[in-house]
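The structure appears below as structure tokens.
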Amino acid sequence: MKKIILQGIQFDNKSSYLQGPKKAPPIIREVLHCGSANLYAENGISIDTPLIEDKGNFDIEAYFDIEQITKKHLEEDSRIVTLGGDHSITYPILKAYHQHYPLIDILHIDAHADLYDNFEGDPYSHACPFARIMEQRLAARLVQVGIRTLNTHQEEQAKKFGVEIHQMKNLDLSTIPDFKNPLYISLDLDGIDPAFAPGVSHHEPGGLTSRQVLSIIQNLNCEIIGADIVEYNPDRDVQQMTAFLAAKLLKEILGKMLE
Ligand code: MN
Ligand code: MN
């Protein structure tokens with residue numbers, strides 16, 4: 001089994017509304033190891049294993065340094081789980097992945113489709129990563145779950161790129177497909193309802209429950225080659241409840257990858 005590298009990417013320069021996600025990675029780690037819970041995922045697998053190597057946090061100045069850091073870690077023949085950071089980090093991460101995995105599918109959980117051609121003039125905004133990923137063909141298939149903010153432009157973009165969107169308004173988790181290619185999971189915490197995850201920059205009511213996201217992860221039946229958990233904004237959190245949720249989701253993704 002390939003080892004798993006954990007990397008923290010401290011970067012929120014591409015956030016369109018509030019800053020804060022840059023502070024997330026050390027807080028999620030701290031909560032994971034605070035002694036409140038054990039390190040077993042619900043599938044009975046412990047993430048306290050030498051198969052997981054934590055490379056610590058990287059304070060990013062230049063956006064495309066994220067690609068270089070990820071590339072270096074992929075060269076260790078590993079799978080990578082990244083703690084963000086705002087969602088803009090997924091594009092440079094997947095650029096690095098493309099050199100090692102030419103054919104991957106993406107499961108993207110989010111309130112937002114993040115498909116803007118550019119946002120307020122910036123093509124690398126956290127509102128744009130999946131437009132860049134799809135136009136450069138870094139993914140064979142993009143499946144989005146939890147979306148509840150589609151506008152005309154992003155609907156057109158989704159059509160153009162063949163994005164499969166499972167919107168909140170008529171969500172049926174049983175219709176989420178099986179993935180054939182190696183899978184990358186991109187988890188924007190604002191996909192979850194702000195009642196469960198208040199510590200995000202963009203509160204968008206009417207979202208997924210914690211349990212629904214856990215079920216989506218637990219029901220995956222394919223090779224997972226990487227993941228990110230993004231958009232945790234500690235400045236907006238209440239009693240660290242979103243940090244605890246991020247830590248739980250991290251544990252479940254790692255536990256799934258270790259199956
Ligand atoms: Mn997002
Ligand atoms: Mn979002």
Side-chain angles (χ1 to χ4, degrees), residues 9-22 24-25 28 60 63 66 81-95 106-120 122-135 138-139 142-151 153-155 157-158 161 163-169 171 184-210 212-213 216-217 226-237 242-243 245-246 249-250 253:
I9 296 293
Q10 299 199 255
F11 181 80
D12 60 13
N13 288 1
K14 299 291 182 190
S15 295
S16 59
Y17 177 56
L18 298 172
Q19 312 274 283
K22 182 179 177 141
I28 296 169
I60 306 296
Y63 180 55
I66 299 165
V81 175
T82 305
L83 297 174
D86 71 39
H87 216 159
S88 70
I89 69 168
T90 304
Y91 168 55
I93 289 171
L94 285 173
K95 267 178 76 112
I106 300 175
L107 171 63
H108 168 205
I109 295 170
D110 204 324
H112 314 95
D114 293 348
L115 283 168
Y116 280 91
D117 177 59
N118 70 81
F119 196 79
E120 291 168 350
D122 185 359
Y124 304 123
S125 159
H126 74 156
C128 306
F130 294 92
R132 300 291 84 75
I133 287 163
M134 295 311 281
E135 69 197 9
L138 306 183
L142 173 58
V143 175
Q144 300 185 323
V145 181
I147 311 302
R148 50 195 186 275
T149 55
L150 269 189
N151 59 8
H153 169 64
Q154 291 194 92
E155 219 158 344
Q157 291 279 88
F161 298 129
V163 182
E164 298 162 55
I165 303 186
H166 296 254
Q167 289 196 62
M168 254 351 271
K169 64 175 182 182
L171 186 68
Y184 184 92
I185 303 169
S186 188
L187 175 47
D188 181 331
L189 290 167
D190 70 31
I192 301 157
D193 195 275
F196 300 87
V200 295
S201 299
H202 302 262
H203 285 175
E204 190 62 45
L208 295 157
T209 65
S210 305
Q212 281 177 311
V213 178
I216 293 168
I217 295 165
D228 59 55
I229 299 176
V230 297
E231 296 286 346
Y232 171 48
N233 185 340
D235 296 343
R236 306 266 276 173
D237 208 359
T242 315
L245 177 57
L249 293 165
L250 172 63
I253 289 170

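Source: prediction; values computed, not measured. For ligands, and for the atoms within them, numbers begin at 1 and follow the listed sequence.
The Mn ion (ligand 2) is the vertex of the angle joining OD2 of D190 and OD2 of D188, which measures 100° to the nearest 10°.
Note that CZ of R132 is 7.5 Å distant from OH of Y91, once rounded to the nearest 0.5 Å. Atom CD1 of I185 sits about 6.0 Å away from atom CD1 of I217, to the nearest 0.5 Å.
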Tell me, with the steps shown, if H108 and Y184 meet ring pair (Phe, Tyr, Trp, His ring centres under 6.0 Å).
CA-CA 8 Å; H108 168 205; Y184 184 92; over 10 Å; no
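In this structure, the ring of H202 has its center less than 6.0 angstrom from the ring center of H126.
For H112, the N, O or S atom with the smallest separation from the Mn ion (ligand 2) is ND1. When distances from the Mn ion (ligand 1) to the N, O or S atoms of H87 are compared, ND1 comes out shortest.
In summary, no N, O or S atom of D86 is located under 2.8 Å from the Mn ion (ligand 1). H126 lies apart from the Mn ion (ligand 1) in this respect, since none of its N, O or S atoms is found at a distance under 2.8 Å. Not one N, O or S atom of E231 sits under 2.8 Å from the Mn ion (ligand 1). Residue D110 counts as close to the Mn ion (ligand 1), with an N, O or S atom under 2.8 Å.
A distance-only check finds no donor-acceptor pair linking the side chain of D193 to the backbone of L208 [under 3.5 Å].
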